[in-house]
Protein chains: 2
Amino acid sequence: MNTTYTNILQHADALIQSNGFHGFSYADLAKELDIRKASIHHHFATKADLGIAFCQLKCEQLKQLESHLKTLPSAKARLQGYFAVFQSCANDGQMCGIYAMQTDLRLMAEPLQKQVLKMADLELNILSDILQVGLDNGEFNFKPTAYQQAVIICCAIKGALMLNRSEHHAGLFNQTCDAWIEMLA
Amino acid sequence: MNTTYTNILQHADALIQSNGFHGFSYADLAKELDIRKASIHHHFATKADLGIAFCQLKCEQLKQLESHLKTLPSAKARLQGYFAVFQSCANDGQMCGIYAMQTDLRLMAEPLQKQVLKMADLELNILSDILQVGLDNGEFNFKPTAYQQAVIICCAIKGALMLNRSEHHAGLFNQTCDAWIEMLA
DNA sequence: GCAAGCCTACCTACTGGTAGGTAATATCCT
DNA sequence: AGGATATTACCTACCAGTAGGTAGGCTTGC
């Protein structure tokens, strides 16, 4: 399905991951898609609505990812599968969209803020579950709670993803993923 | 010294830590300081100049911090001293300014980008040195290089600082600091 | 006298959002 | 089947507000 609606969301996704939610405008989006601003407003009445739709899309994608990861045999494979999601961002010099939304949190109206926090927590819970499984079956070894460990890993790889954008730190994201796999063993 | 120049920088600091570099305007700054926009332009001709001055200020503060931390007897105390810097941010619901600048990197002109990257790398090197000392004298134990470990810790605590802003994650920053002290032992 | 510091008044470009119109498609009623 | 009626999707043209920035004038202290 390649409707205008999904095209807008897709391009908004890319722009959010490059510049953050407040770092792009409807005009930017319109130019990229070669449609008019009013057409975007037709599908997403306000920018907050676009933000909310983005969060809902990410939540769906996260749930799909969770289902997919559960088919993998080991916690280690699941963690690597989780890391793999960000590989394309790393290649394209982008940040994590969820993180990018978090940084602009204070500039958002409350309904959007709520969606952002919900999305972020969904991700943390998915990662937390993977870590808990690994801890229980002896694959992983760490001292904090699974949730705390999830926060630490999640933040670390997303920060690395951000730093990874400058040439000086090229490869940093992959190094960080590898380091975590080794550190948890 | 409480000049208009330093007042502007100080308030810009707070706004950057709340909303990011592109999340505040000269008008916001002028309102807070009860001066006119043109007066800010008198001290910082362009917003990029203000950004560069911010980076230079942070670099000086980082160097001062480094000197101070070197007076502390152990690597663990130095690491805790480093963490302590962010305590006021955590209390005020703010992000790390260095991190906040990084997220908006793509929206900045090149001269400012350079300063941001320089500032970020200075911090990573300071943290890296602390970790190396701790590794060498047996206080700390970790597998990656000191620099890689510095990236991981730096990103993790700053991400936690960001998440810490929502009530749902209150206390997360301190938990993360404590977790790192324990994990490195 | 003159420079620093701050001001009023203004500019251009762009922001998110709105009003109102057109063409195509779908739905309904006889 | 054919005509009336909505609905969808897009458009042009605009709005008020805000962004960063500029020109030029008024104080104040050396």
Side-chain angles (χ1 to χ4, degrees), chain A residues 1-16 18-55 57 100-101 103-113 115-116, chain B residues 1-16 18-55 57 100-101 103-113 115-116:
Chain A
M1 206 169 42
N2 222 6
T3 65
T4 302
Y5 181 93
T6 56
N7 276 339
I8 294 171
L9 261 183
Q10 212 172 296
H11 279 77
D13 191 356
L15 284 170
I16 288 170
S18 290
N19 303 334
F21 186 67
H22 271 73
F24 78 97
S25 68
Y26 268 33
D28 296 328
L29 217 38
K31 206 182 294 172
E32 279 199 23
L33 289 159
D34 195 28
I35 57 172
R36 269 14 79 188
K37 274 197 316 169
S39 306
I40 306 176
H41 278 289
H42 171 73
H43 293 284
F44 305 97
T46 70
K47 205 184 175 189
D49 290 326
L50 176 55
I52 289 172
F54 170 81
C55 291
L57 174 66
M101 291 296 278
T103 61
D104 287 343
L105 197 73
R106 285 283 148 85
L107 300 163
M108 296 170 182
E110 218 216 289
L112 178 51
Q113 282 196 26
Q115 292 297 314
V116 171
Chain B
M1 206 172 35
N2 222 6
T3 64
T4 302
Y5 181 93
T6 56
N7 276 339
I8 294 170
L9 261 184
Q10 212 172 296
H11 278 77
D13 191 357
L15 283 170
I16 288 170
S18 290
N19 302 335
F21 186 66
H22 271 72
F24 78 96
S25 67
Y26 269 33
D28 296 328
L29 216 39
K31 206 182 294 171
E32 280 198 22
L33 289 158
D34 195 29
I35 58 173
R36 266 18 77 187
K37 275 198 312 170
S39 307
I40 305 177
H41 278 288
H42 172 72
H43 293 285
F44 304 97
T46 70
K47 204 184 175 189
D49 289 327
L50 175 57
I52 289 173
F54 170 82
C55 291
L57 173 68
M101 291 297 277
T103 61
D104 287 342
L105 197 72
R106 283 285 148 83
L107 299 164
M108 296 170 181
E110 218 215 289
L112 178 52
Q113 282 195 25
Q115 293 297 314
V116 171

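Proteins come first, then strands; the chains are lettered A, B, ... in the order of their sequence lines, and each starts at number 1.
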**Request:** Identify the residue among K37(B), R36(B), K31(B) that makes a salt bridge (charged side-chain N to carboxylate O under 4.0 Å, His left out) with D34(B).
**Result:** R36(B)
Is there a side-chain contact between [X] and the phosphate of [N], meaning an N or O under 4.0 Å from OP1 or OP2?
{"X": "H43(B)", "N": "dC6(C)", "value": "yes"}
{"X": "S39(B)", "N": "dC7(C)", "value": "yes"}
{"X": "H42(A)", "N": "dA9(D)", "value": "yes"}

Atom-pair distance ([atom1] on [X]; [atom2] on [N]), nearest Å:
{"X": "L107(B)", "N": "dC14(C)", "atom1": "CG", "atom2": "P", "result": "15 Å"}
{"X": "K37(B)", "N": "dA9(C)", "atom1": "NZ", "atom2": "P", "result": "14 Å"}
{"X": "I40(A)", "N": "dT18(C)", "atom1": "CD1", "atom2": "P", "result": "14 Å"}
{"X": "N7(B)", "N": "dG5(C)", "atom1": "CG", "atom2": "P", "result": "13 Å"}
{"X": "F44(A)", "N": "dC10(D)", "atom1": "CZ", "atom2": "P", "result": "11 Å"}

**Message:** To check you understand the geometry: which heavy-atom pair defines the closest contact between A12(A) and F24(A), and what is its length?
**Reply:**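 Result for this residue pair: CB-CZ, 4.4 Å.
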**Worked verdict on L50(A) versus L9(A) for side chain to side chain contact (heavy atoms under 4.5 Å, CB included)** = CA-CA 8 Å; L50(A) 176 55; L9(A) 261 183; 3.9 Å; yes
**Asked** Counting distance only, does the side-chain N/O of Y26(A) pair as donor-acceptor with the main-chain N or O of T46(A) below 3.5 Å?
**Response** yes
**Message:** Between S18(A) (side chain only) and L15(A) (backbone N and O only), is there a donor and an acceptor less than 3.5 Å apart?
**Reply:**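 A pair under 3.5 Å: no.
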**Item:** Closest to the A38(B) side chain, choosing from dT8(C), dG5(C), dG16(C)
**Value:**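 Of the candidates, dT8(C) comes closest.
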**Message:** Please give me every residue in residues 21-36 of chain A whose heavy atoms get under 4.0 Å of an atom in DNA chain D, ordered by residue number.
**Reply:**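 Nucleic-acid contacts, sorted: I35(A), R36(A).
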**Asked** Are side-chain heavy atoms of M101(A) and M108(A) found at a separation under 4.5 Å?
**Response**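 With C-beta onward as the side chain, the pair touches.
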